[in-house]
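As a basis for the values below, the full set of heavy atoms in this structure was taken, side chains included, without hydrogen atoms, waters or symmetry mates.
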Amino acid sequence: MFAAMLFTISIMAFTQFALYYWRAVLAGVAAQPISNRVLEAASVKQGCLTGSDFGKLAGLHALTPVLDPRHRGLGLVSSYYRIVQSVGSLAGAYLPAVAAWSEREGAMCARYAAVQIDIRLQSNLALAASLRSC
């Protein structure tokens, strides 16, 4: 009985650590600078990304060709965005703090998508330049 309880607590602690680590990686990538060409392509006003821009950026990300197999799609970030938006829409009417948190997290997801688009574009341009030099 004690072993099962200890195992359950360990799994829960590991899961919590994994979620915090994933969130820190997401925030770290989202903090990188975004080029103006990505912001112009997404028609973002004054370079200020909000959570509502995530759909446009996810669409642009899907249109960007993948020439480097190490760069993947948005995957879990899209799921996280949908969860955050649904929590914000359900609880945001009653709890303004949850609505503000939801908007901040949505903006972070949008910044992450913009950075991923920029990384793909830079990678594709570098690969094209290396092919031209051969």
Side-chain angles (χ1 to χ4, degrees):
M1 180 66 176
F2 180 72
M5 187 171 59
L6 185 61
F7 179 72
T8 303
I9 291 171
S10 299
I11 293 297
M12 290 176 64
F14 177 73
T15 302
Q16 183 179 12
F17 172 75
L19 287 173
Y20 285 148
Y21 177 76
W22 179 80
R23 170 68 174 65
V25 168
L26 179 73
V29 170
Q32 293 179 7
I34 303 167
S35 69
N36 287 333
R37 63 183 172 198
V38 173
L39 296 175
E40 288 173 6
S43 302
V44 175
K45 304 279 191 277
Q46 302 169 351
C48 183
L49 289 172
T50 62
S52 60
D53 295 324
F54 182 79
K56 288 189 285 189
L57 290 165
L60 280 174
H61 188 270
L63 292 174
T64 310
V66 182
L67 300 179
D68 189 356
R70 292 176 294 168
H71 298 289
R72 300 181 306 268
L74 295 177
L76 290 175
V77 178
S78 297
S79 301
Y80 180 67
Y81 175 78
R82 284 192 300 271
I83 290 169
V84 165
Q85 291 304 310
S86 61
V87 166
S89 65
L90 291 174
Y94 303 109
L95 302 168
V98 173
W101 170 82
S102 173
E103 182 56 36
R104 283 192 312 270
E105 293 298 306
M108 183 182 61
C109 291
R111 285 193 57 81
Y112 178 86
V115 168
Q116 290 301 318
I117 292 168
D118 206 15
I119 289 171
R120 272 192 181 181
L121 289 175
Q122 289 174 0
S123 173
N124 291 350
L125 289 174
L127 185 60
S130 71
L131 288 174
R132 274 183 267 159
S133 67
C134 292

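Here the closest non-hydrogen pair linking Ala110 and Thr50 is CB-O, 3.4 Å. Scanning all heavy atoms of the two residues, the minimum distance from Leu49 to Ala114 falls at CD1-CB, 4.0 Å. Across Val44 and Cys48, no two heavy atoms sit closer than the pair CG1-O, 3.5 Å.
To the nearest 0.5 Å, the span separating CG on Leu39 from CG on Asp118 amounts to 8.5 Å. Interatomic distance, CD1 of Ile83 versus OG of Ser102, reported as 11.5 Å (0.5 Å rounding). Considering OH of Tyr81 and CE of Met108, their distance stands at 12.5 Å, rounded to 0.5 Å. We find the CD-CZ distance between Gln122 and Arg37 to be 6.0 Å, quoted to the nearest 0.5 Å.
Counting only heavy atoms from C-beta outward, the side chains of Asn124 and Pro65 approach each other to under 4.5 Å. Val84 is not listed as a side-chain neighbour of Phe54, based on a closest heavy-atom distance of 4.5 Å or more. Side chains of Gln116 and Ile119 form a contact here, defined as non-hydrogen atoms less than 4.5 Å apart.
Its side chain within the 4.5 Å cluster rule, Phe2 clusters with Met5, Leu6, Ile9 among the Ile, Leu, Val, Met, Phe, Trp and Tyr residues. The hydrophobic cluster containing Leu90, built from Ile/Leu/Val/Met/Phe/Trp/Tyr side-chain heavy atoms closer than 4.5 Å, comprises no other residue.
By the rule that hydrophobic residues join a cluster once side-chain heavy atoms approach within less than 4.5 Å of another member, Leu127 and Leu125 end up as members of separate clusters.
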